[in-house]
Amino acid sequence: MIGAHDAPGAVPPTVTEAFAAAVGGDHDDLQGLLAALSVVDAGGDVGAARATLRLLAGQPRLLTRLDEHVRRSPWRAPYRSPEVDRAAAALTRPTVGPVAVAVAASHPDGRVRERAVRVLLSRSVPELTPFLVLRTADWARPVRDAARAGLALLLADEPATHLPAAVPATALVSVRSRGGFAVQQVTAALQAAPARLRAEVARSAPAAQRRALFELDLAHGRLRVDDLLAAVADRDVRVRARAAEAAAREAVWTGRLPVLHRLSGNRHAEVRALGLTGLLRLGRHAEVAAFLDDRHQLVRAIAREAARRDGVDAAAAYRTAVSAGIPGVGAIAGLAEVGTDRDAALLHPLLAHPDPRLRTAAVRALARLGAVPVPLVVPLLRDPAAGVVREAATALRPISGALPPELPWALLADERVALRRAGYRLLGTRPPALRLRAGLLLVEDPDPRLAERARADLTGLARATARAYHWKAPHPELELTAPLRDELLRLTAAAPPALTARTVARLTDWLHRS
């Protein structure tokens with residue numbers, strides 16, 4: 001029998017394996033998870049059953065996918081799932097296990113779902129609360145009404161038990177057409193909950209719910225400056241930014257410089273920016289201007305405004321830093337933001353700097369200034385650092401037509417994946433026939449990301465030709481010699497199974513028409 005005080009058990013290994021497969025799996029994987037759940041239920045170990053449901057509730061998206069999978073199971077034999085039938089039949093037993101109740105709560109028959117909801121509500125088991133939340137948005141009114149009444153009572157009578165379990169599922173139910181009730185009930189319960197319970201919920205809640213909790217506490221004035229500074233460490237960027245904004249505003253009003261200094265020294269750029277804005281409002285221009293060479297663009301912009309107010313020439317400061325030979329990455333980027341093409345010569349020596357970060361930043365800055373020195377940047381296409389190779393290819397891509405014609409193909413055949421990516425990037429501006437050849441050469445590349453990109457580009461080219469044929473418009477122009485046409489036909493014929501049959505047919509037809 002289900003009890004609230006059973007000792008927690010361990011999740012069986014078979015369930016763990018089925019769970020891992022179902023997270024990103026298909027219909028068969030979900031059916032495998034359902035079979036594993038049925039084995040747990042048949043074992044009669046309530047502790048293991050509850051541990052299994054906790055594991056499932058920890059992945060709300062998988063929970064909703066499994067719910068949809070069960071509800072869409074055919075009603076009639078021999079196609080319907082036997083696991084679902086066994087769970088429905090178990091509802092009549094006084095010793096029905098929690099897993100059976102959870103599965104039956106998603107049964108295709110609304111009468112079974114309603115019965116499961118009533119059984120669920122007769123036992124105070126927090127692991128079943130997420131399944132109750134799902135039923136509050138059920139399309140069948142009897143099921144929906146029973147679940148809503150039960151959820152409201154559970155959250156009112158036992159919030160410490162059921163609120164942490166209800167929050168993650170509510171975040172997903174909220175997007176459904178009937179999901180507003182669960183959101184309202186959980187929000188009201190959170191507003192009335194003590195601070196310790198809200199903190200507990202926030203630790204395990206998904207980002208959307210942590211944001212809602214933070215906004216509630218902020219709106220009700222529950223957060224002191226110390227609380228806001230603690231929230232600045234949250235893993236969600238929006239919570240961090242809102243906490244930093246509120247802390248900085250409070251610090252500006254009360255003149256608490258240590259708070260602003262702590263924010264301006266934070267490792268997250270959005271927090272530093274808010275701390276420096278507060279210091280700027282208090283007239284601490286020199287302190288803010290010290291961040292002229294920060295790695296983040298927004299922080300540099302705030303620092304430049306502080307320098308302007310303090311009478312400091314930011315462009316001159318950047319030129320001095322770069323000329324010194326050991327500038328920071330932020331100083332190089334800052335020079336590109338406020339300098340002109342006449343400053344390009346200052347960056348040329350950095351293209352041979354031992355630090356790959358400075359070489360990368362120098363190439364990026366020259367590209368932003370529109371003053372890429374081709375003879376100096378082309379050798380960087382074979383730089384030992386992959387980041388330098390990437391930036392060099394990006395900088396040269398707009399002028400790739402001026403490069404030696406054989407260079408991209410030599411890069412495309414290199415054993416280093418960074419060079420193959422660079423070659424493919426340079427060929428992206430070439431005529432369609434050359435892009436088609438490059439994609440076909442890389443469609444089975446050892447690097448999965450590069451192969452996927454080539455497949456996507458080839459699929460896009462094939463679809464463009466199909467749209468042109470459908471609308472009786474001119475096909476994309478292919479400038480082909482006879483040897484190149486034969487090579488492309490050979491490469492296309494060898495592309496399966498990397499490409500779909502439809503894509504191969506479209507490309508072949510395109511080549512024959514050209």
_Side-chain heavy-atom pair L228, L218 within 4.5 angstrom cut-off_ = yes
*Is a donor on one side and an acceptor on the other found under 3.5 Å between the side chain of R198 and the backbone of A193?*
yes
*How far apart are the closest heavy atoms of L381 and A422, and which atoms are they?*
CD2-CB, 4.4 Å
*L347 versus A362, closest heavy-atom pair with distance*: O-CB, 4.1 Å
*Would you mind listing every salt bridge (Lys or Arg N to Asp or Glu O under 4.0 Å) that reaches into residues 362-377, with sequence neighbours excluded?*
R364-E391
_Heavy-atom side-chain proximity of S400 to L407 below 4.5 angstrom_ = no
*Nearest 0.5 Å, what's the CZ-CG distance between F214 and L223?*
5.5 Å
_Can you confirm whether more than 12 heavy atoms, excluding those of R222, are under 6.0 Å from its CZ atom?_
yes
_Working note: T340 + L369, criterion side-chain contact (heavy atoms from CB on, under 4.5 Å); need CA distance, chi angles, decisive distance, verdict._
CA-CA 6 Å; T340 67; L369 291 172; 5.7 Å; no
*Would you name the heavy atoms of A289 and A306 that are closest together and state the gap between them?*
N-CB, 3.9 Å
*Quick one: closest heavy-atom pair of T503 and L458, and the distance?*
CG2-O, 4.1 Å
_Interatomic spacing from OG1 in T277 to CG in L260 - rounded to 0.5 Å_ = 10.0 Å
*Is the shortest distance from a Lys or Arg side-chain nitrogen in R309 or E305 to a carboxylate oxygen in the other one below 4.0 Å?*
yes
_Considering only residues two or more places apart or on different chains, which pairs with a residue in residues 369-388 satisfy side chain to side chain donor-acceptor pair (under 3.5 Å)?_
R359-D383, R382-D414
*So do L263 and R272 actually touch side chain to side chain, heavy atoms under 4.5 Å?*
no
_Distance, nearest 0.5 Å, that separates CG of D486 from OG1 of T481_ = 8.5 Å
*asked:* Between D509 and R506, does any side-chain N to carboxylate O distance fall below 4.0 Å?
replied: no
_Contact between L427 and W409 at the side-chain level, heavy atoms closer than 4.5 Å - yes or no?_
yes
_D310 (side chain) donor-acceptor with V312 (main chain) under 3.5 angstrom_ = no
*By ring-ring contact (aromatic ring centres under 6.0 Å, His included), which residues pair with H512, not counting sequence neighbours?*
none
*More than 12 foreign heavy atoms under 6.0 Å from CD1 of I326: is that the case here?*
no
_Check ion pair E452-R455 (N to O, under 4.0 angstrom)_ = yes
*Between atom CH2 of W510 and atom CG of L461, what is the distance when rounded to the nearest 0.5 Å?*
5.0 Å
_Distance, nearest 0.5 Å, that separates OG1 of T492 from CG of L440_ = 4.5 Å
*Residue pairs involving residues 247-268 (criterion side chain to side chain donor-acceptor pair (under 3.5 Å); sequence neighbours excluded)*: H261-E287
*Validation row: L257, R284 side chains within 4.5 angstrom (heavy atoms)*: yes
*Enumerate the residue pairs fulfilling salt bridge (Lys or Arg N to Asp or Glu O under 4.0 Å) with a member in residues 416-432, sequence neighbours excluded, ordered by first and then second residue.*
R420-D445, R421-D447
*asked:* Does D294 form a side-chain contact (heavy atoms from CB on, under 4.5 Å) with I302? I'd like the steps, not just the answer.
replied: CA-CA 10 Å; D294 192 271; I302 296 171; over 6 Å; no
*asked:* One pair to check against side-chain contact (heavy atoms from CB on, under 4.5 Å): L351 and L366. What are the steps and the verdict?
replied: CA-CA 10 Å; L351 297 176; L366 287 166; 4.0 Å; yes
*Taking everything shown except E406 itself, do over 12 heavy atoms lie less than 6.0 Å from its CD?*
yes
*What pair of heavy atoms forms the shortest contact from V377 to A392, and how long is it?*
CG1-CB, 3.9 Å
*Tell me, with the steps shown, if L426 and L412 meet side-chain contact (heavy atoms from CB on, under 4.5 Å).*
CA-CA 10 Å; L426 293 174; L412 210 66; over 6 Å; no
*Side chains of L411 and V389: does their closest heavy-atom pair fall under 4.5 Å?*
no
*asked:* Tell me the closest heavy-atom pair linking P126 and P130, and the distance in Å.
replied: O-CD, 3.6 Å
*If you look only at pairs with a residue in residues 324-351, which of them pass as a salt bridge (Lys or Arg N to Asp or Glu O under 4.0 Å), with sequence neighbours excluded?*
R300-E337, R304-E337, R319-D343
*Salt bridge between E68 and R65, side-chain N to carboxylate O under 4.0 Å?*
no
*Should we count CZ of R178 as having more than 12 external heavy atoms under 6.0 Å?*
yes
*Any donor-acceptor pair under 3.5 Å linking the side chain of S323 with the backbone of T320?*
no
*Would you say the side-chain atoms of D457 pair up with the backbone N or O of G460, donor to acceptor, closer than 3.5 Å?*
no
*Taking side chain as C-beta onward, heavy atoms only, is V183 less than 4.5 Å from V173?*
no
*Say you draw a straight line from CG of L155 to OG1 of T129; how long is it, rounded to the nearest 0.5 Å?*
8.0 Å
*asked:* For the backbone of L292 and the side chain of Y318, can you confirm whether one donor and one acceptor N or O come within less than 3.5 Å of each other?
replied: yes
*In sequence, state the C-alpha distance, the side-chain angles, and the governing distance for R238 and D236, and then conclude on salt bridge (Lys or Arg N to Asp or Glu O under 4.0 Å).*
CA-CA 6 Å; R238 286 176 57 179; D236 179 64; 5.5 Å; no
*asked:* When you compare the side chain of L480 with that of L511, does any pair of heavy atoms fall below 4.5 Å?
replied: yes
